[in-house]
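Worksheet: one structure, shown below.
Within every chain, numbering begins at 1; the chains are lettered A, B, ... in the order of the sequence lines, protein sequences first and strands thereafter. Atom set for the values below is all heavy atoms of this structure, side chains included, hydrogens, waters and symmetry mates excluded.
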There are 2 protein chains.
Amino acid sequence: MPIEENPPVHGGKIPHRTIGRLSLYRRQLGRMGGPDGTHVYSHQIADICGVTPEQVRRDLMVIGCSGSPNRGYPVAELVSDITAVLDGPEMQRVALVGIGNLGRALLAYFTGRHPKMSIVAAFDSDPEKADRIIHGCRCHPVQRMEEIVRAERIAVGVVAVPAAAAQGIADRLVAAGVRGLLNFAPVALRVPNSVFVEDIDVTTSLEKVAYFARAGKPATA
Amino acid sequence: MPIEENPPVHGGKIPHRTIGRLSLYRRQLGRMGGPDGTHVYSHQIADICGVTPEQVRRDLMVIGCSGSPNRGYPVAELVSDITAVLDGPEMQRVALVGIGNLGRALLAYFTGRHPKMSIVAAFDSDPEKADRIIHGCRCHPVQRMEEIVRAERIAVGVVAVPAAAAQGIADRLVAAGVRGLLNFAPVALRVPNSVFVEDIDVTTSLEKVAYFARAGKPATA
DNA sequence: ACTTGTGAACCATTTCACAGCT
DNA sequence: AGCTGTGAAATGGTTCACAAGT
């Protein structure tokens with residue numbers, strides 16, 4: 001029997017949109033878990049997260065959570081099951097490249113906020129910024145990037161540099177062993193097939209909003 | 001039903017993912033239009049933008065662009081056709097709410113960059129920030145938001161406030177006539193059905209990257 | 001009566017495959 | 001030979017509808 005089991009519990013592939021929603025569910029559950037309700041119904045999660053109840057149930061099913069009718073899902077178990085999927089066993093180390101306005105905002109936003117993920121090093125080509133500590137994160141000259149990424153076993157990189165520099169940075173991060181990138185630069189990064197890239201393109205998003213604000217929202221939000 | 005303008009050609013609905021890619025195509029075309037090539041092939045656009053050639057052709061077809069075999073698509077016409085769809089006739093005015101680290105980064109990034117879209121007013125609940133000009137944008141106390149949004153006929157709002165404040169701000173923006181929101185707060189905004197919301201959730205995106213960096217990238221990027 | 005769990009239908013979007021043009 | 005334009009098939013994801021649990 002070729003049953004493929006992994007360090008975490010879930011056996012199979014998790015649809016990629018589901019991962020995003022699980023992150024959402026967990027955050028909102030953390031916010032509501034407290035008063036006394038130890039259980040939630042799928043429709044409550046759905047309301048808070050802006051999705052449908054059956055979507056919630058399906059997502060939870062995928063990661064092997066189950067609830068009981070007329071009691072709902074146990075909050076604590078839900079959170080820990082989602083965490084088992086999303087976070088993996090050890091602290092996830094992240095490198096930030098580009099300490100401009102955006103980079104600093106990211107540092108401010110993230111520092112110390114996440115129990116299982118931390119921006120452990122930041123890099124910039126401006127030597128002014130090197131060897132300082134910004135929002136609790138040590139900054140380095142970009143020349144030392146490979147060395148530090150390797151030494152710290154960093155697997156995730158955040159690209160917050162100008163468009164022209166982004167591809168070069170991505171290449172170097174990948175060469176240093178990074179396997180996932182969050183890219184804020186408005187270019188499509190070319191990376192080997194095994195590396196995952198998520199783009200956040202603020203200009204495109206704003207243009208989309210402007211378009212639909214004018215043309216009328218499509219049926220699906 | 002308010003302003004219904006009849007832009008050049010495209011008769012029907014444009015699929016919502018297509019809008020995002022058109023924004024991308026236009027930006028990259030602007031960057032490449034210069035040397036001498038007045039025409040591009042779909043596969044060239046595709047390469048630069050990280051999509052497939054047939055996707056490009058379909059997107060362009062939707063907005064009524066056509067190219068000729070063995071010459072490709074005329075760049076200038078492409079850009080102006082995309083612009084006709086995305087930008088609409090007049091300058092699109094945008095309001096920013098929340099002048100924290102992120103808000104300031106957005107102002108720095110956007111000011112004066114876009115020919116048809118401009119952040120014309122920013123708001124914050126901190127009176128320290130009111131009535132100053134940051135990165136060329138006038139800042140106001142949040143109390144005056146409705147008044148100014150209405151007076152300036154602002155149709156797009158950017159929500160860059162803490163989670164707890166986001167829903168209240170969204171309600172007030174919508175009441176003041178905004179029809180599209182770009183939401184950076186990690187909550188699902190409840191808005192009337194006619195208002196379009198695009199979420200940018202950095203934490204979720206990072207968690208997604210961390211997950212796929214660990215678990216292996218899915219087939220589609 | 002209200003919930004969960006889930007096969008099946010449905011829908012949007014992408015990709016295939018190829019005819020037609022130059 | 002290599003491109004565009006586009007029906008048709010495939011894919012991926014969401015919603016429906018309902019059986020079963022409590």
What's the [atom1]-[atom2] distance between [X] and [N], to the nearest Å?
| X | N | atom1 | atom2 | result |
| --- | --- | --- | --- | --- |
| B:I63 | D:dG5 | CD1 | C1' | 15 Å |
| A:M61 | D:dA19 | CE | C1' | 15 Å |
| A:N70 | C:dG5 | CG | C1' | 15 Å |
| B:L60 | C:dT14 | CG | C1' | 15 Å |
| A:H39 | C:dT4 | NE2 | P | 11 Å |
| B:I14 | C:dT13 | CD1 | P | 12 Å |
| B:E54 | D:dA9 | CD | P | 17 Å |
| A:Y41 | C:dC2 | OH | C1' | 8 Å |

Q.
Strictly below 4.0 Å, N to O, side chains only: are B:K208 and B:D201 in salt-bridge contact?
A.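 A salt bridge is absent here (no side-chain N lies under 4.0 Å from a carboxylate O).
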Q | Salt bridge present between B:E90 and B:K116 (N-O < 4.0 angstrom) | A | no
Tell me whether the side-chain N/O atoms of [X] come closer than 4.0 Å to OP1 or OP2 in [N].
| X | N | value |
| --- | --- | --- |
| B:R57 | D:dT4 | yes |
| A:H43 | C:dT3 | yes |
| A:Y73 | C:dG5 | yes |
| A:Q55 | D:dT15 | yes |

Q: Could you tell me how the ring of B:F212 sits relative to the ring of A:H16: parallel (under 30°), tilted (30 to 60°) or perpendicular (over 60°)?
A: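 Rings of B:F212 and A:H16: tilted, 30 to 60°.
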Q. Taking the nucleotide of DNA chain D with the closest heavy atom to each, which residue, A:S68 or A:T18, is nearer the 5' end?
A. A:T18
**Q.** Whether A:R179 side chain and B:R214 backbone form a donor-acceptor pair below 3.5 Å
**A.**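 Checked: no pair found.
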Q. Heavy atoms, side chains only, cut-off 4.5 Å: are B:R190 and A:D47 in contact?
A. yes
(Q) So, under a plain 3.5 Å distance rule, would you say the side chain of B:R58 forms a donor-acceptor pair with the base of C:dT15? (A) yes
